Amino acid sequence: MKVFMAVCMLAVAVRLAAAIVVPSAAPCALTVGFYNGKCGNVSVESVVYDTVKAFLDADKSKGAALVRLLFHDCFVNGCDGSILLDNSTTNPSPEKFAGANLGIAGLDVIDAVKAKLETACPGVVSCADIVVFAGRDASRYMSNGGVNFDVPAGRLDGIVSSSVDAQNTLPDSKADIGKLIANFAAKGFTPEELVILSGAHSIGKAHCSNFDDRLTAPDSEINADYRDNVLSKTCKSAPNPTLANNIRDIDAATLGDLASYVVPAVGGDYLDNSYYKNNKNNLVLFNSDWALVGSNATLQHVNEYAENGTLWNIDFAQALVKLSKLAMPAGSVGQIRKTCRAINY
């Protein structure tokens, strides 16, 4: 692999025959509008937004997938696009193979964006930045504009992807509050930010294997009707089936008597503060969700966001920006991949 010793600005301006590789974890500051003027007359962020919107107009479920993709990429060794890499000789068991990444999706959206940008300006836009832009745009779309923010760019694509790293780093949906707080603290996040980011569970779906511990949780931790007539029946219906994270998005036939307690969102799958209201009523899917009401360090924030959805929109946006700034480990090398699923050789 050819190595090109350069500063960040040169990394987006120079394309070697084989690859661009820049040694560093985060050699220069990320900036808002980083790609302005770097792709001819094409607006990089507009290409991302338009592509994301087209995909979500056709299939709204991809919105939650893109928000999840942002978190799962950045939380493991920084925002480096490593979640996108397929298995190869260099990375025989990449991050997407980890159990914690079961059901990871939205990669087709990233591929489509990358293809358009490679046509417009080859070797300029990193896959890592595309993941962050797409996650931001999906958040905006899924919240009907409620979550809206500028995000800095200038990231490089990593060349290492490990399922072991992902499994050991990503939060466990079955974890208790102590482990969750420690897990987030290791990445520089406070207990409040743990609560804020967990609000993303107001959208999306999960496999039964991620919440089967809730099938035997006591009545004090989960609504018995929800546990017995929704979660248990769903898990018995097929091999490792999926269920909506938010009770709001489960069909009335499955909910039965619980349907009268649910206020449906227009269009369903809506990113909002309903997660916190559900949590106060023991109507959340994961143990890691319910755990947030089991500690004063987090319960106060659950109560706060249950009452103030506008505040959560603002704080969620700020937390995503902070998440997007997680850097690759010191001593890492990066490149601008030609395709997001494979490193350059």
Side-chain angles (χ1 to χ4, degrees), residues 4-15 19-39 42-49 52 66-85 95 110 113-114 117-118 120-121 123-140 147-161 169 184 186-190 193 196-197 200 314-337 340 343:
F4 184 66
M5 306 294 289
V7 296
C8 261
M9 291 302 293
L10 289 178
V12 298
V14 179
R15 184 178 178 89
I20 297 173
V21 185
V22 180
S24 149
C28 50
L30 303 176
T31 57
V32 173
F34 179 82
Y35 290 107
N36 291 349
K38 292 185 173 72
C39 194
V42 174
S43 168
V44 169
E45 293 191 46
S46 292
V47 169
V48 179
Y49 173 78
V52 168
L66 290 172
V67 177
R68 185 186 184 210
L69 201 62
L70 166 58
F71 183 90
H72 282 229
D73 184 46
C74 293
F75 212 76
V76 182
N77 295 326
C79 306
D80 64 351
S82 53
I83 185 71
L84 307 173
L85 289 172
E95 290 176 26
I110 307 301
V113 173
K114 180 63 170 174
L117 292 173
E118 282 297 297
C121 46
V124 171
V125 185
S126 70
C127 300
D129 278 339
I130 293 172
V131 169
V132 172
F133 287 145
R136 183 270 308 271
D137 293 341
S139 297
R140 179 192 300 158
V147 178
N148 191 16
F149 56 96
D150 291 325
V151 66
R155 299 165 191 80
L156 295 171
D157 297 322
I159 62 172
V160 176
S161 183
T169 305
F184 275 73
K187 297 295 180 180
F189 291 97
T190 65
E193 289 167 328
I196 293 167
L197 289 168
I314 295 169
D315 289 353
F316 184 66
Q318 293 176 347
L320 285 185
V321 171
K322 181 175 178 177
L323 176 69
S324 78
K325 293 180 179 179
L326 293 180
M328 290 188 284
S332 299
V333 295
Q335 60 184 199
I336 307 295
R337 293 185 207 137
C340 290
I343 63 174

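Note: hydrogens, waters and symmetry copies are ignored here, and every other heavy atom, side chains too, is used. Not measured: the values here are computed from a predicted model.
Looking only at distances, a side-chain donor or acceptor of Glu118 sits under 3.5 Å from a matching main-chain atom of Gly123. Side chain of Asp157 to backbone of Gly81: no donor-acceptor contact under 3.5 angstrom is found. Asn148 places no side-chain N or O within 3.5 Å of a backbone atom of Arg140 that could act as its donor or acceptor partner. Side-chain N or O atoms of Arg337 include one that pairs as donor or acceptor with a backbone N or O of Gly158 at under 3.5 Å.
For the atom pair Glu95 CD and Leu85 CG, the distance stands at 8.0 Å (nearest 0.5 Å). Going from atom CG of Leu197 over to atom CG of Leu70 covers 9.0 Å, rounded to the nearest 0.5 Å. One finds the CZ atom of Phe71 at 11.5 Å from the CD1 atom of Ile83 (value rounded to the nearest 0.5 Å). For the atom pair Lys114 NZ and Asp129 CG, the distance stands at 10.0 Å (nearest 0.5 Å).
Proximity of Lys187 to Thr169: side-chain heavy atoms (C-beta onward) are separated by under 4.5 Å at one or more points. Side-chain contact between Phe189 and Ile196 is absent, with no heavy-atom pair separated by less than 4.5 Å. Asp73 is listed as a side-chain neighbour of Asp80, based on a closest heavy-atom distance under 4.5 Å. Side-chain contact between Ile110 and Val131 is present, with at least one heavy-atom pair separated by less than 4.5 Å. Residues Leu320 and Arg136 fail the side-chain proximity criterion, which asks for heavy atoms closer than 4.5 Å. Here the side chains of Tyr35 and Ser126 are in contact, with some heavy-atom distance below 4.5 Å. Val67 places a side-chain heavy atom less than 4.5 Å from the side chain of Ser139. Using a 4.5 Å cut-off on side-chain heavy atoms (C-beta onward), Ser82 and Val160 make no contact.
At most 12 non-hydrogen atoms from other residues, nucleotides or ligands lie less than 6.0 angstrom from OH of Tyr49.
Of all non-hydrogen atoms in Leu326 and Cys74, the two that sit nearest each other are CD1-O, 3.5 Å. A pairwise comparison of heavy atoms in Ser324 and Cys79 identifies O-SG, 3.3 Å as the closest pair. When every heavy atom of Pro152 is checked against every heavy atom of Val321, the shortest pair comes out as CD-CG1, 4.2 Å. Contact detail for Val48 and Ala134: the closest heavy-atom pair is CG1-N, 3.7 Å.
Between Phe75 and Phe184, the distance from one ring center to the other falls under 6.0 angstrom.
Sorted by first and then second residue, the salt bridge (charged side-chain N to carboxylate O under 4.0 Å, His left out) pairs involving residues 315-333 (not counting sequence neighbours) are Glu193-Lys322.
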